[in-house]
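This report refers to the structure that appears directly beneath it.
Computed from heavy atoms alone, side chains included, the values below leave out hydrogens, waters and symmetry copies.
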Amino acid sequence: QKRIDDLNRVVREQITGIRVVRAFARERHEAARFDATSSSLRDIQVNVGRTMAAMFPLVMLIMNLSQIAVFWFAATRIDDGQTEVGILASFTTYLMLILISVMMAVMLIVMWPRASVC
């Protein structure tokens, strides 16, 4: 958010002081200043985008591995007659509900800093 504020400040200064910049032939300096600020913002945005892009597959992997683990341990119990298939189905449903809620909470925590500024 600080980088966005810096970029907005540079653009605002350039718009309000365009006559002064032209009068003193400082266009190259201002362009370099804008480029440095926007490059910094771009780098941060790319890193955040990569993190967000990697987070969803990671959460899906955790969900699928947990479901495989439940099926693995429940298979022997069902085979021995200790557990019924309906109990396994309800347990996996509850597990997925819990894990989806955790995934939504993680997404909310990631988006919180951007929403708090607006």
Side-chain angles (χ1 to χ4, degrees):
Q1 190 61 43
K2 183 183 181 312
R3 301 286 193 253
I4 293 173
D5 292 342
D6 291 342
L7 184 66
N8 286 338
R9 181 180 44 78
V10 168
V11 170
R12 189 177 340 110
E13 287 174 1
Q14 287 178 356
I15 290 172
T16 57
I18 193 71
R19 291 182 183 159
V20 175
V21 168
R22 285 186 182 163
F24 290 107
R26 306 266 305 165
E27 288 118 351
R28 287 187 184 161
H29 170 72
E30 291 298 320
R33 193 170 138 213
F34 177 78
D35 187 43
T37 306
S38 63
S39 296
S40 175
L41 176 63
R42 182 198 62 226
D43 293 342
I44 289 174
Q45 293 291 348
V46 167
N47 287 337
V48 168
R50 286 184 183 151
T51 303
M52 290 291 290
M55 187 169 46
F56 187 72
L58 182 66
V59 170
M60 292 302 289
L61 178 69
I62 291 169
M63 289 174 61
N64 290 331
L65 288 177
S66 64
Q67 197 167 17
I68 288 171
V70 166
F71 289 151
W72 182 272
F73 291 113
T76 56
R77 295 180 62 91
I78 290 173
D79 191 38
D80 293 340
Q82 296 174 349
T83 305
E84 296 178 7
V85 177
I87 292 172
L88 174 64
S90 64
F91 184 79
T92 56
T93 301
Y94 292 138
L95 178 67
M96 287 299 114
L97 287 173
I98 290 168
L99 289 176
I100 289 172
S101 298
V102 169
M103 182 180 70
M104 292 299 164
V106 168
M107 296 290 185
L108 183 70
I109 289 170
V110 168
M111 291 296 171
W112 189 268
R114 287 186 177 183
S116 67
V117 174
C118 297

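- With sequence neighbours excluded, the residues satisfying side-chain contact (heavy atoms from CB on, under 4.5 Å) with Met60 are Phe56, Met63.
- Membership of the apolar cluster around Phe73 extends to Trp72, as traced through chained side-chain contacts below 4.5 Å between ILVMFWY residues.
- In the hydrophobic cluster analysis, where Ile, Leu, Val, Met, Phe, Trp and Tyr join through side-chain heavy atoms closer than 4.5 angstrom, Ile87 is grouped apart from Leu95.
- Considering OG1 of Thr51 and CG of Leu58, their distance stands at 11.5 Å, rounded to 0.5 Å.
- Leu65 belongs to a hydrophobic cluster whose remaining members, ordered by chain and number, are Leu61; membership requires side-chain heavy atoms of ILVMFWY residues under 4.5 Å apart, directly or through intermediates.
- The distance from the CD1 atom of Ile62 to the CE atom of Met103 is 11.0 Å, given to the nearest 0.5 Å.
- For Asp35, the side-chain contact (heavy atoms from CB on, under 4.5 Å) partners are Ser38, Ser39, not counting sequence neighbours.
- Legend: side chain to side chain donor-acceptor pair (under 3.5 Å) pairs involving residues 84-108, not counting sequence neighbours: none detected.
- Residues forming a side chain to side chain donor-acceptor pair (under 3.5 Å) with Thr83 (at least two apart in sequence, or on another chain): Arg77.
- In this view, Phe91 and Val70 satisfy the side-chain contact (heavy atoms from CB on, under 4.5 Å) rule, not counting sequence neighbours.
- Partners of Val46 under the side-chain contact (heavy atoms from CB on, under 4.5 Å) rule, at least two apart in sequence or in another chain, are Arg42, Arg50.
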